[in-house]
Amino acid sequence: MKEFHDLIIIGGGPVGIHAAWMASKQCYDYLLLESQDKLGGQLTELYPEKEILDISGHRSILAKNYIKWLLEQFGPDQSLSFRLSEKALGLRAEDGRILVETAGHLYSAKVVIVATGLGVYMPRLLECRGAEGCRNIIYALHRLDFLAGKRVAILGGGDAALDWARAISRVTPTVTLIHRREEFRGNLESIAGIKTLVLKTPYVPVAVHQADGVASIIEIAKVGEEMVERIEVDYIFVNYGHIPVSASFGLEKHGPGLRVDEWQRSSLPGVYAVGDVASYETKKRRIDAGIEEVRKAFEDLALLFAVADRQKFLV
């Protein structure tokens with residue numbers, strides 16, 4: 001049996017939640033489907049303690065607190081419009097509507113907004129001698145307290161690595177940030193003034209010394225040189241990004257995401273894509289950019305609904 005809605009949102013990360021809030025605010029009959037058992041996407045699963053600095057209206061906020069704030073905007077009864085642990089498996093058009101198939105249900109909607117990010121993310125592993133099987137080489141942080149007073153080496157040069165370097169430096173004075181290039185992809189101003197933070201550029205990891213699955217030393221070498229430097233560690237935090245394993249639902253792709261036009265329309269009429277899953281030439285994969293994409297999509301789908309209502313009235 002089909003379940004009918006005006007709008008179905010696929011994906012419960014921050015951009016998907018914002019789309020749901022817009023739908024609620026504009027009184028659409030909407031449903032949000034999230035494949036995991038909790039909302040928040042990467043901000044919940046990988047970076048709950050990460051400080052976010054790029055969201056309008058929040059000068060600085062922890063990822064977990066931003067998701068909490070988003071959900072508080074709905075009021076007490078909106079949880080009925082969220083379906084957790086329900087993964088969308090396919091999309092198809094039928095009789096002027098979009099059908100969304102999951103393992104146990106078939107949904108029908110006038111409009112679908114895909115906000116899945118880039119799907120399931122697998123971390124890029126540290127691949128050097130001795131790294132395999134180390135329990136204290138970590139790829140995600142759900143809390144910071146266990147790092148208090150520890151020696152932490154952070155690998156990476158993007159915004160995530162810099163943000164974590166700033167956050168971890170607040171709980172321990174022994175943090176080393178190792179990056180393979182002189183320049184950083186992330187904003188260096190975010191770590192300006194942190195006197196206890198040691199930068200190692202351009203260096204690459206060449207080996208890890210471990211005993212019984214616990215790393216105690218990471219060896220790094222300056223790019224283009226053979227001399228090796230040893231750094232004693234209690235934890236190695238790898239920020240090499242994640243490899244997306246995404247579902248395209250049969251829609252036209254553009255790079256790792258779905259091709260959209262200036263109104264976030266995908267290749268299937270009635271289906272929009274917003275957030276990290278949406279792809280176009282000037283794409284910026286940031287939360288604020290995703291929120292702007294939601295605004296554009298809702299502006300366009302409002303016209304779509306208006307046209308449908310006029311046609312229904314004429315009939």
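Treat the numbers as computed from the prediction; the structure is a model and nothing was measured. Heads up: numbering here begins at 1 and tracks the sequence.
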Q. Would H105 and E3 satisfy side chain to side chain donor-acceptor pair (under 3.5 Å), going step by step from the backbone distance to the final call?
A. CA-CA 8 Å; H105 296 90; E3 184 175 321; 5.5 Å; no
Show which residues join [X] in its hydrophobic cluster (side-chain heavy-atom contacts under 4.5 Å, direct or indirect), or state none.
X: V260; value: Y280
X: Y240; value: L125, L126, I137, Y139, L155, I178, Y203, V208, I218, I220, I231, V233, I236, V238
X: I217; value: none

Q. K50 and L43: side-chain contact (heavy atoms from CB on, under 4.5 Å), yes or no, with the steps?
A. CA-CA 8 Å; K50 181 182 176 183; L43 298 193; 5.9 Å; no
With no hydrogens and no angle check, is any side-chain donor or acceptor of [X] less than 3.5 Å from a backbone partner on [Y]?
X: D159; Y: G186; answer: no
X: N136; Y: D234; answer: yes
X: S190; Y: D163; answer: no
X: E232; Y: R151; answer: no
X: S279; Y: G257; answer: no
X: S35; Y: S85; answer: no
X: D6; Y: D29; answer: yes
X: H179; Y: E183; answer: yes

Is any side-chain heavy atom of [X] less than 4.5 Å from a side-chain heavy atom of [Y]?
X: E281; Y: H254; answer: yes
X: T201; Y: F184; answer: yes
X: F298; Y: Y272; answer: no

Q. Passes side chain to side chain donor-acceptor pair (under 3.5 Å), H142 versus E49? Steps please.
A. CA-CA 6 Å; H142 293 269; E49 295 291 338; over 6 Å; no
(Q) Applying side-chain contact (heavy atoms from CB on, under 4.5 Å) to I9 and I17, what does each step give before you reach the verdict? (A) CA-CA 9 Å; I9 300 158; I17 296 172; over 6 Å; no
Q. Going through the distances and angles, do Y28 and F305 end up as a ring-ring contact (aromatic ring centres under 6.0 Å, His included)?
A. CA-CA 10 Å; Y28 288 114; F305 276 108; 4.9 Å; yes
Q | Pair D288-S56, side chain to side chain donor-acceptor pair (under 3.5 Å): steps then yes or no | A | CA-CA 7 Å; D288 251 5; S56 298; 3.0 Å; yes
Q. Would you call D95-R97 a salt bridge at under 4.0 Å N-O?
A.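 R97 and D95: not salt-bridged.
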Q. Quick one: which of R166, K64, R59 gives a salt bridge (Lys or Arg N to Asp or Glu O under 4.0 Å) with E51?
A.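 In the set R166, K64, R59, the residue that makes a salt bridge (Lys or Arg N to Asp or Glu O under 4.0 Å) with E51 is R166.
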Is [Y] reachable from [X] through a run of I, L, V, M, F, W or Y residues, each pair having side-chain heavy atoms under 4.5 Å apart?
X: I287; Y: L53; result: no
X: I55; Y: L62; result: no
X: I138; Y: W164; result: yes
X: L71; Y: I61; result: yes
X: L89; Y: L268; result: no

Q | Straight-line distance of I194 CD1 to I168 CD1, nearest 0.5 Å | A |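 So the gap between those two atoms works out to 10.5 Å.
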Q) Which class fits the ring pair H58 and W69: parallel under 30°, tilted 30 to 60°, perpendicular over 60°? A)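 H58 and W69: perpendicular rings.
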Q: Please lay out, stage by stage, how K110 and I98 fare under the test side-chain contact (heavy atoms from CB on, under 4.5 Å).
A: CA-CA 6 Å; K110 295 178 182 177; I98 305 298; over 6 Å; no
Q: Quick one: list whatever passes salt bridge (charged side-chain N to carboxylate O under 4.0 Å, His left out) with K222, sequence neighbours left out.
A: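 Scan of K222 (salt bridge (charged side-chain N to carboxylate O under 4.0 Å, His left out), adjacent residues dropped) gives none.
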Q: Please identify each residue that fulfils salt bridge (charged side-chain N to carboxylate O under 4.0 Å, His left out) with K296, with sequence neighbours left out.
A: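 Checked K296 against salt bridge (charged side-chain N to carboxylate O under 4.0 Å, His left out); zero matches.
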Q) Got a sec, which pairs hit salt bridge (Lys or Arg N to Asp or Glu O under 4.0 Å) with one end in residues 184-203, sequence neighbours left out? A)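 Sorted pair list: K200-E229.
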Q.
I'd like to know whether Y66 forms a ring-ring contact (aromatic ring centres under 6.0 Å, His included) with Y47, so could you lay out the CA-CA distance, the side-chain angles of the two residues, the decisive distance to 0.1 Å, and finally the verdict.
A. CA-CA 11 Å; Y66 178 60; Y47 310 124; over 10 Å; no
Q: Mind running side-chain contact (heavy atoms from CB on, under 4.5 Å) on L7 and I113 for me, showing each step along the way?
A: CA-CA 8 Å; L7 170 63; I113 295 179; 3.8 Å; yes
